[in-house]
Asker: 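Just dropping this structure here.
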Amino acid sequence: MSKQGSISLKGIIVLLLVLVVAFTGGIFFYLQGLGAVDPSDDEDIIVTVPNGSGASSIVYMLDDAGLVKNMTCAKINARIGGYDSLQANTYIFNKSMTLTEMMKAINTGDFEYLSKTSFQLKEGYRLTQCAEALAEVTDFSKKEIMARWDDKAYVQELIDKYWFLTDDVLSEDVMHPLEGYLFPDTYFITEADPTIESITEMALQQMDAALTERKSQIEAKGYSIHEFLTLSSIVTKEGCANEEDAAHISGVFINRLNNDMSLGSDVTVCYIFDEDRVDLKVSQLDSDSKYNSRKVKGMIPGPISTVPVIAMDGVLNAMETDDLFFYAGPDGTIYYAKTNEEHQKNVSDHPWTEEDLANQ
């Protein structure tokens, strides 16, 4: 009996050892199968994951792209990996990545691995310039983009969605409804097939955040959002390289409005002709457009450019000053004056030369 017992115990020990070896080998095989196809190959491979894709179907997509080392192991991982929030998007992977790295990236929508096309809406861009920037990185033409942005039915949909967009933008005097409402920033397009609408909403959401943060201050100052962005856009174009100038220029404009004067801003005239220049023609200055603040008293119909936060805060924290004039010299310095005589002296003391105008 003791001999048989001894043999049985040995058999059990051997069996256990075999099972341990087999289990360890299985785990090793499984982990190896989830490894990188080629650790030395970092060439980008684009993988687009459609809406509603499950882990199993994604594994097949990765395999079709040559990113799966062992399909059996990949299928097992798809079942037991706990991938419960897979994000539809276009991803950039490579053969040096493990399957678990790729599946984790898809499960979290990791920004690092998203296919990104970037474009920049710069501070002070007119809407036409925003359309040009977008047209450069998409399949849409500037004409198509502007047509959509000027479509009043579409703008009405946006008004219904965003609190800061009001019927003010649909006034017949406003040249472009969305002018000044797209927030200046660098944007990343991660969709495989982006639309004008989806890209527009990225910029509107950023504006939403900026205005929501300042909503109580804007209301306390007595501005409507449209008035606030209009004045802020003029400050932007006139010069807000620093907080002090943004606040000082704002103070000058507010003084002029309070004194029933025209804003007297050449940048509003430039807007009429969709250009930026210092040496405006007499015919341009004589324009009867309601955007011509050299002739029309009070606020112009709407914003004339994108608005950065420095301009917004300049208007909200406008300097208390007696100045009614300012002049930007060719070196960027801004000179302020209380009277027209002082203003004209600033102009004559710091003239723009032909070379300055050529380099503007």
Asker: Would V315 and F228 count as a side-chain contact (heavy atoms from CB on, under 4.5 Å) here? Give the steps.
Answerer: CA-CA 8 Å; V315 171; F228 173 68; 3.9 Å; yes
Asker: Among side-chain atoms of T128 and D274, is any donor-acceptor pair under 3.5 angstrom?
Answerer: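 The criterion, which ignores hydrogens and geometry beyond distance, is satisfied for D274 and T128.
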Asker: With clusters built from Ile, Leu, Val, Met, Phe, Trp and Tyr whose side-chain heavy atoms come within less than 4.5 Å, directly or transitively, what are the remaining members of the cluster of F325, listed by chain and number?
Answerer: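 Cluster partners of F325: M261, L324.
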Asker: For S287, does its backbone N or O pair with a side-chain atom of N292 as donor and acceptor, under 3.5 Å?
Answerer: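 Yes: the side chain of N292 pairs with the backbone of S287.
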Asker: Considering residues at least two apart in sequence or located in another chain, which fulfil the side chain to side chain contact (heavy atoms under 4.5 Å, CB included) criterion with S85?
Answerer: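 Side chain to side chain contact (heavy atoms under 4.5 Å, CB included) list for S85, sorted by chain: Q87, N107.
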Asker: If a pair satisfies salt bridge (Lys or Arg N to Asp or Glu O under 4.0 Å) and one of its residues is in residues 99-116, list it, with sequence neighbours excluded.
Answerer: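 Matches after skipping sequence neighbours: none remain.
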Asker: So do the side chains of K95 and E43 get within less than 4.5 Å of each other, counting heavy atoms only?
Answerer: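 Not touching, per the 4.5 Å side-chain cut-off.
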Asker: F164 vs Y162 aromatic rings, parallel, tilted or perpendicular, using cut-offs 30° and 60°?
Answerer: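 Taking Y162 first and then F164, their aromatic rings sit tilted (interplane angle of 30° to 60°).
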Asker: Within 45 degrees of the axis of the six-membered ring of Y154 and under 6.0 Å from its centre: does R148 put its NZ or CZ there?
Answerer: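 Output yes; distance and angle both within limits.
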Asker: Restricting to pairs with a member in residues 229-249, which pass salt bridge (Lys or Arg N to Asp or Glu O under 4.0 Å), not counting sequence neighbours?
Answerer: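 Non-adjacent pairs meeting salt bridge (Lys or Arg N to Asp or Glu O under 4.0 Å): K237-D276.
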Asker: Carefully, step by step, assess H350 and Y335 under the rule side chain to side chain donor-acceptor pair (under 3.5 Å).
Answerer: CA-CA 9 Å; H350 309 281; Y335 303 91; 3.3 Å; yes
Asker: Please check if the side chain of R126 supplies one atom and the backbone of S305 the other of a donor-acceptor pair under 3.5 Å.
Answerer: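 Not a single qualifying donor-acceptor pair exists.
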Asker: Tell me if a side-chain donor or acceptor on H226 pairs with a main-chain N or O of P301 at a distance below 3.5 Å.
Answerer: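 Present.
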Asker: Should the ring pair F253 and F326 be called parallel, tilted or perpendicular, given that the plane angle runs from 0 to 90° and is split at 30 and 60?
Answerer: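 The arrangement is perpendicular - the two ring planes meet at more than 60°.
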Asker: Do side-chain atoms of T212 reach the backbone of D208 as a donor and acceptor pair under 3.5 angstrom?
Answerer: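 Yes, T212 side chain to D208 backbone: donor-acceptor pair under 3.5 Å.
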Asker: Suppose the criterion is side-chain hydrogen bond (donor to acceptor under 3.5 Å, both in side chains): which pairs have a residue in residues 53-70, not counting sequence neighbours?
Answerer: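 Every side-chain hydrogen bond (donor to acceptor under 3.5 Å, both in side chains) pair that includes a residue of residues 53-70, provided the two are not neighbours, is Y60-K75.
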Asker: Regarding K338 and D323, does a basic nitrogen lie under 4.0 Å from an acidic carboxylate oxygen?
Answerer: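 D323 and K338: salt-bridged.
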Asker: Return the set of residues passing side chain to side chain contact (heavy atoms under 4.5 Å, CB included) with S216 (not counting sequence neighbours), or none when no residue passes.
Answerer: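 In terms of side chain to side chain contact (heavy atoms under 4.5 Å, CB included), with neighbours along the sequence ignored, S216 is linked to no residue.
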Asker: Please verify the inter-ring angle class for H248 with Y336; under 30° counts as parallel, over 60° as perpendicular, anything in between as tilted.
Answerer: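 Judged by the thresholds at 30° and 60°, the geometry between H248 and Y336 is parallel.
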